[in-house]
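Input: a single structure, listed below in structure tokens.
Just so you know, ligand 1 is whichever comes first in the structure, and atom 1 is the first atom listed for that ligand. Sequence positions, counted from 1, serve as the residue numbers for this chain.
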Amino acid sequence: MSDANDSTPKVLLVTGASSGIGEATARMAVADGWQVVLAARSADKLQALVEDLGVDNAMAITVDVTDYEDQVAMVETILKHYGRLDAVFANAGTGGEPGGFSGAPVASWETMVNVNILGAAYTMRATLDTLKQHQGHLLLTGSVAGRRTLAGSMYSATKWAVSAMGYGVREELRGTGVRVTLIEPGPVDTPFFDEPMENSLRPEDVARTVLFALSQPKSVDIHELMVLPTPALDKQD
Ligand SMILES: NC(=O)c1ccc[n+]([C@@H]2O[C@H](COP(=O)([O-])OP(=O)(O)OC[C@H]3O[C@@H](n4cnc5c(N)ncnc54)[C@H](OP(=O)(O)O)[C@@H]3O)[C@@H](O)[C@H]2O)c1
């Protein structure tokens with residue numbers, strides 16, 4: 001449960017809530033007693049999810065995370081509506097295009113830097129004052145690609161930046177009571193990929209790790225959770 005001693009449900013903001021990991025996390029959080037704020041650009045998908053989850057449990061805010069003012073306005077709307085913000089899952093992200101550092105279109109790099117790095121940084125900047133007031137919890141979707149070397153991958157570079165931001169902000173927040181968790185999935189079968197993924201996690205597998213981190217007592221600070229699919233069984237002759 002979100003909090004056994006507090007009768008008011010806690011509020012979780014999920015960016016990138018319109019599909020994949022964010023959507024699965026929002027669904028699981030509501031089932032666990034949280035009120036959720038669903039943020040992404042696709043207003044129609046967010047609205048459908050609110051209707052599914054119930055207007056008492058969820059609200060939708062259309063936001064482009066690359067726009068800092070948009071994110072500031074989002075937090076104002078949350079505080080006006082719920083009067084609190086206890087946890088933030090900065091999860092919005094996007095992938096790149098093939099070609100590596102020798103050949104990928106540079107526009108795809110710009111988009112990834114803007115969404116994956118700056119978008120998450122803006123989410124932190126817009127929410128940290130409030131999280132400090134509530135001794136809240138910040139979670140960032142990094143990736144196994146942000147902890148290992150991937151050949152020619154600007155995506156990996158952006159996720160290394162997310163790992164670095166997670167480590168850096170945790171030190172900045174030392175003594176405030178705010179906890180910081182990096183969620184580092186391996187391949188997850190979501191619309192992030194054009195084709196269905198073999199031997200991958202389901203979005204719910206990652207959502208469970210988010211809820212695991214969120215459900216710890218305030219004295220327990222989960223720094224990072226790397227979650228990978230179990231390797232496929234060896235083929236027998
Ligand atoms: N799938 C994987 O294998 C995998 C593995 C490790 C880490 N991750 C990370 O997990 C996170 C979620 O990805 P996913 O796999 O769930 O993919 P997804 O289903 O494509 O979800 C991406 C989410 O990010 C949102 N988003 C993208 N650009 C945005 C922007 N400018 N402003 C606001 N929202 C934006 C999308 O919503 P709108 O398009 O509606 O804005 C969508 O809700 C990403 O950070 C990704 O890098 C994924």
Side-chain angles (χ1 to χ4, degrees), residues 13-29 36-50 58 60-75 88-97 107-124 126-127 138-148 150 153-163 165-166 181-210 224-229:
L13 164 65
V14 180
T15 72
S18 62
S19 74
I21 294 167
E23 177 185 344
T25 301
R27 288 184 184 281
M28 215 171 270
V36 292
V37 180
L38 312 168
R41 292 165 304 175
S42 306
D44 49 346
K45 289 187 194 167
L46 296 180
Q47 205 41 53
L49 189 51
V50 168
I61 301 181
T62 309
V63 66
D64 183 336
V65 294
T66 65
D67 184 331
Y68 177 62
E69 297 307 326
D70 242 20
Q71 295 219 45
V72 170
M74 167 181 75
V75 174
V88 173
F89 184 31
N91 165 74
T94 192
E97 292 185 38
S108 71
W109 296 350
E110 284 172 25
T111 304
M112 284 190 290
V113 167
N114 286 333
V115 177
N116 299 355
I117 305 178
L118 284 178
Y122 293 165
T123 303
M124 293 195 291
T127 59
L138 171 71
L139 303 100
L140 303 168
T141 305
S143 172
V144 67
R147 307 294 283 136
R148 294 183 182 166
L150 264 65
S153 173
M154 180 58 106
Y155 174 75
S156 171
T158 66
K159 289 299 185 179
W160 275 94
V162 173
S163 302
M165 291 195 297
T181 304
L182 276 161
I183 304 292
E184 299 164 346
V188 190
D189 192 8
T190 70
F192 188 87
F193 296 105
D194 296 332
E195 304 291 329
M197 296 280 295
E198 249 183 63
N199 196 38
S200 56
L201 299 165
R202 294 170 305 125
E204 293 75 20
D205 298 326
V206 183
R208 244 185 351 267
T209 68
V210 177
E224 54 195 314
L225 290 167
M226 185 183 287
V227 194
L228 298 165

Would you give me the side-chain donor-acceptor pairs under 3.5 Å for residues 17-27, sequence neighbours excluded?
from, atom 1, to, atom 2, distance (Å)
E23, OE2, R27, NE, 3.1
E23, OE2, R27, NH2, 3.0
T25, OG1, I21, O, 2.7
R27, NH1, D52, OD2, 2.9
R27, NH2, D52, OD2, 3.1

Those residues that, when tested against E204, pass salt bridge (Lys or Arg N to Asp or Glu O under 4.0 Å) (two or more places apart) | R202

Find out whether Q71 and V63 are in side-chain contact, i.e. whether some heavy atom of one side chain is under 4.5 Å from a heavy atom of the other.
-> yes

Which residues pass the salt bridge (Lys or Arg N to Asp or Glu O under 4.0 Å) test with R41, sequence neighbours left out?
-> none

Please check if the side chain of D70 supplies one atom and the backbone of D64 the other of a donor-acceptor pair under 3.5 Å.
-> yes

Contact residues of ligand 1 with a heavy-atom cut-off of under 4.0 Å?
-> G16, A17, S18, S19, G20, I21, A40, R41, S42, V63, D64, V65, N91, A92, G93, V115, T141, G142, S143, Y155, K159, P185, G186, P187, V188, T190, P191, F192, F193

Any L201 side-chain heavy atom under 4.5 Å of V206 side chain | yes

